[in-house]
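Below, all heavy atoms of this structure are taken into account, side chains as well, without hydrogens, waters or symmetry copies. Because the structure is predicted, anything quoted here is derived from the model rather than measured.
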Amino acid sequence: MIKSLLTFIFLLLSTHTFSQTYKLGEFEDSEISLTEVSYEPDAPAVILVSQGNSRFLSGMLETSHFVRLKVLAEAGKEYADIRIRYYAGDQNMEDILAVKAQTTNFVDGKAESVKVSKDGVFDVDLDDGYKELRISFPNVQVGSIIEYQYKKTDKNRTFIDGWTFQNKLPTLYSKYAINMIPSLEYKMLGQGQNYTSSVEKTSEYDNYSWVLKDIRSLKEEPYMKNYRDYVDRIDFQLARYEVRGDYGPKWEYVLNTWEVLGDEVISMYSQKGFYRSNPIEKEFLDVDLKGETQLETAQNAYYYLRNNFRVEGEDWIYPEQNLNQLLKSKVGSPAEIMLTLMGVLKSEGITCEPVLIGSKGYGRSDIVPFPFLNQFDEILLLAELDGEQQFVDLSQPDAPFGYVDLDKHVGGGLYLQKQQSKLVPIDIQNNSNSIYFGQVEMNDEGQLVMASSHRNYRYRGLSLAKQIDEIQKRNDSLEKLFDEEEGVIFENFNVDNMLEEKGFVTLNFEMKFPEIVDQDMILFSPLKFSSFAENPFTQEYRMFPVDFGYAFSETYNTVVSVPEGYEIDDYPLEAGYTIDGGYVVFVYSPSIINDNLKISAKFMVNAPLIPASEYENLKYFMESVASKLSEPVILIKKISP
């Protein structure tokens, strides 16, 4: 991974410094007596203080870090193992020095501190030029306060790492301060609900600071894996710098327009050989990919590269190897493979350009509306096929043509075109619905059997296909697709994978209820197989939006053929639910036709991103849906006259 696209050389010297507000071993009485966090009483530990002070020195940025953490419960001891990742590369782009750390316990009201020895502080080499500083604290107990401080230097001044206020533990106080210098001017970007509503910002001359207090911990929440897009943080990108000119000082702008930023990236791709004028497929691949239409040609190229090249490595916007190396090894990162596909399509006369995007989970819920390069981390291709625009993604080796990784379903991206790069909207249409059909009958042995057919389209079909493939690779039964249920046997599975041809996967199987034989009363739930038959939202508080990934619907149709000698005693009644804004809708409609019970239901997610402010309503809605989907049908034996 390349940390920075651009480098600048300055001889900088800051005359202002920040005094360290907090010092090792100097505690407030409130910190010593604290036993739980008022707004998060189950927290095993708490960050009492997290502070960073940055200043510019000759050729680098230096940031002093100070962290004070208290262990509140036995489970909190694991947070005494500190790991700090940084990028050294070949030229020591980043370095960590002046590490001090200690553990303090309180015995009879007296503080007893033990410093971390040299053996307890060490570096570990990671991949791609990264390192990790590790600190192991001694004698950590419930009630211990651990503290550490260090200085981190960074030679890259184009992009400043900034500060993340929110952590895996609740944080009582988080502050970041930076001393700017007149010869550098930065764009400052803040994000997060707390940052927007509660940050305390100060500025005096060239000194800036931001403070947030009483921040909740980051916790995993159902249907939200991209919490980093909403976390409270601040970033910086260099906007311009002052240089000496013939007539005095003047300003040089850095990536000040989308066109300039785009040309910088295109230049780097060109240096790696991915913008070729000669036909790649004829000169290097020795294969004829020409189809009757541009769409067919693009599909041929897509499947050729997907099936003959191996995608390996991180999805990132910077290729490490050049085109010739890739064509020789036939192994490349997603970006390298996709840029190769771009070259193939261009050599076939198809208009195709890369689009830089900030994927979900990379750190920005919305695109920053000015040239901020660090917001982009992945690539899409935008091709014009037979007069229609088509987004193409080759980062998923098992996905059919036209599928775009769900993490790339974002609002917009930077379309790269020489001297004409611009922001474009990204609206990826998909029909990722599911249709479930069931037929309930009594077999010759008197057992109740439900013959089921589940057809899943597009992304839901791809997800099902991946699950089936993983299970079959383990030589397990496909009943692993379903939760175990007492008294139910899954059997007679059949899979019809038509993803590439028609965009769906069909799973056929039977659910047998062997214990239901010649009983006076038969009770079963005809729709309990649904993924929403249990409410996934059980937490009282929700910090982040609910993200279903994409809009979809589940349609259920089940016919219950009443066995001879039985009659319907009870069945779920008609119902319909929604919440304000119509984000989600559920309808349930039963009917009796010719002594058979037909149940139709539909669950719809109309807007995949539901704000946290609607969580209570959504939680109640999903509880109602789960309850309805689990309601039983009751059959009883007819009473002989």
Sidechain N-carboxylate O distance under 4.0 Å for K152, D161: yes
Validate the cation-pi geometry between R157 and Y241: distance from NZ or CZ to the six-membered ring centre under 6.0 Å, angle to the ring axis within 45°. no
Test your reading of the model: is there a side-chain donor-acceptor pair from T164 to the backbone of Q166, 3.5 Å cut-off? no
Are side-chain N/O atoms of E554 and S531 paired as donor and acceptor at under 3.5 Å? yes
Quick one about N431 and N433 (side-chain donor to acceptor, distance below 3.5 Å, no hydrogens or angles considered), yes or no? yes
Run the ring-ring contact (aromatic ring centres under 6.0 Å, His included) check on Y459 and F552 step by step: do they pass? CA-CA 10 Å; Y459 290 98; F552 66 90; over 10 Å; no
Classify the ring geometry of F548 against F603: parallel below 30°, tilted from 30° to 60°, perpendicular beyond 60°. perpendicular
Taking all non-hydrogen atoms of both residues into account, name the closest pair between L34 and L72 and its distance. O-CD2, 4.0 Å
Please table the atom pairs, donor to acceptor, closer than 3.5 Å between any side-chain atom in residues 135-142 and protein atoms at least two apart or in another chain.
residue	atom	partner	partner atom	Å
N139	OD1	Q141	NE2	3.0

Quick check: does any side chain N or O of H409 sit under 3.5 Å from a backbone N or O of V404, one acting as donor and the other as acceptor? yes
Just jot down the side chain to side chain contact (heavy atoms under 4.5 Å, CB included) partners of L126, sequence neighbours excluded, or say none. R85, V124, Y130, E132
Looking at R364 and D229, is any side-chain nitrogen of the basic one under 4.0 Å from a carboxylate oxygen of the acidic one? no
Any side-chain donor near an acceptor of the partner, N617 and E614, under 3.5 Å: yes
Would you tell me whether T202 and S209 have side-chain atoms, one donor and one acceptor, within less than 3.5 Å of each other? yes
Any donor-acceptor pair under 3.5 Å from Y39 side chain to I215 backbone: yes
If you measure only the distance, is there a donor-acceptor pair under 3.5 Å linking the side chains of D123 and Y86? yes
Verify whether one side chain among R460 and S432 offers a donor that lies under 3.5 Å from an acceptor in the other. no
Please, which pairs that meet salt bridge (Lys or Arg N to Asp or Glu O under 4.0 Å) have at least one residue in residues 191-203, sequence neighbours excluded? E200-K213
For the side chain of D377 and the backbone of S359, is there at least one donor-acceptor N/O pair under 3.5 Å apart? yes
Side chain E221, main chain Y227, donor-acceptor under 3.5 Å: no
Main-chain N/O of Q91 paired with K155 side-chain donor or acceptor, under 3.5 Å: yes
Pair D95-T153, side-chain donor/acceptor within less than 3.5 Å: no
Test your reading of the model: is there a side-chain donor-acceptor pair from S197 to the backbone of Q193, 3.5 Å cut-off? yes
For K187 and D235: C-alpha separation, side-chain torsions, deciding distance, then whether salt bridge (charged side-chain N to carboxylate O under 4.0 Å, His left out) applies. CA-CA 8 Å; K187 291 283 189 180; D235 294 309; over 6 Å; no
What I want to check is whether the side chains of W163 and S174 have a donor and an acceptor closer together than 3.5 Å. yes
Can you label the angle between the Y176 ring and the F236 ring as parallel, tilted or perpendicular, going by 30° and 60°? tilted
Short N-O contact, D407 and K225, less than 4.0 angstrom: yes
E94-N92 side chain donor-acceptor pair, cut-off 3.5 Å: no
Examine R233 relative to F165 and say whether NZ or CZ is less than 6.0 Å from the centre of the six-membered ring and inside a 45° cone about the ring axis. no
My understanding is that only residues two or more places apart in sequence, or in another chain, count here; which of them pass side chain to side chain contact (heavy atoms under 4.5 Å, CB included) with S217? E40, P170, K219
Modelled atom types, side-chain donor and acceptor of N53 and S64, under 3.5 Å: no
With a 3.5 Å distance limit and no angle check, can you tell me whether Y615 reaches the backbone of Q539 through a side-chain donor-acceptor pair? yes
Can you list everything that forms a ring-ring contact (aromatic ring centres under 6.0 Å, His included) with F27? Sequence neighbours excluded, please. F106
Salt bridge check: are E31 and R68 linked by an N-O gap of less than 4.0 Å? yes
Minimum heavy-atom separation for K408 and I428, please, with both atom names. O-CD1, 4.3 Å
How about D405 and Q396: does a side-chain donor come under 3.5 Å of a side-chain acceptor? no
Among N105, T103, T104, exactly one meets side chain to side chain donor-acceptor pair (under 3.5 Å) together with S144. Which residue is that? N105
Answer yes if the side chains of N194 and S198 hold a donor-acceptor pair under 3.5 Å, and no otherwise. no
Could you pull out all residues at least two apart from D81 that satisfy side-chain hydrogen bond (donor to acceptor under 3.5 Å, both in side chains)? none
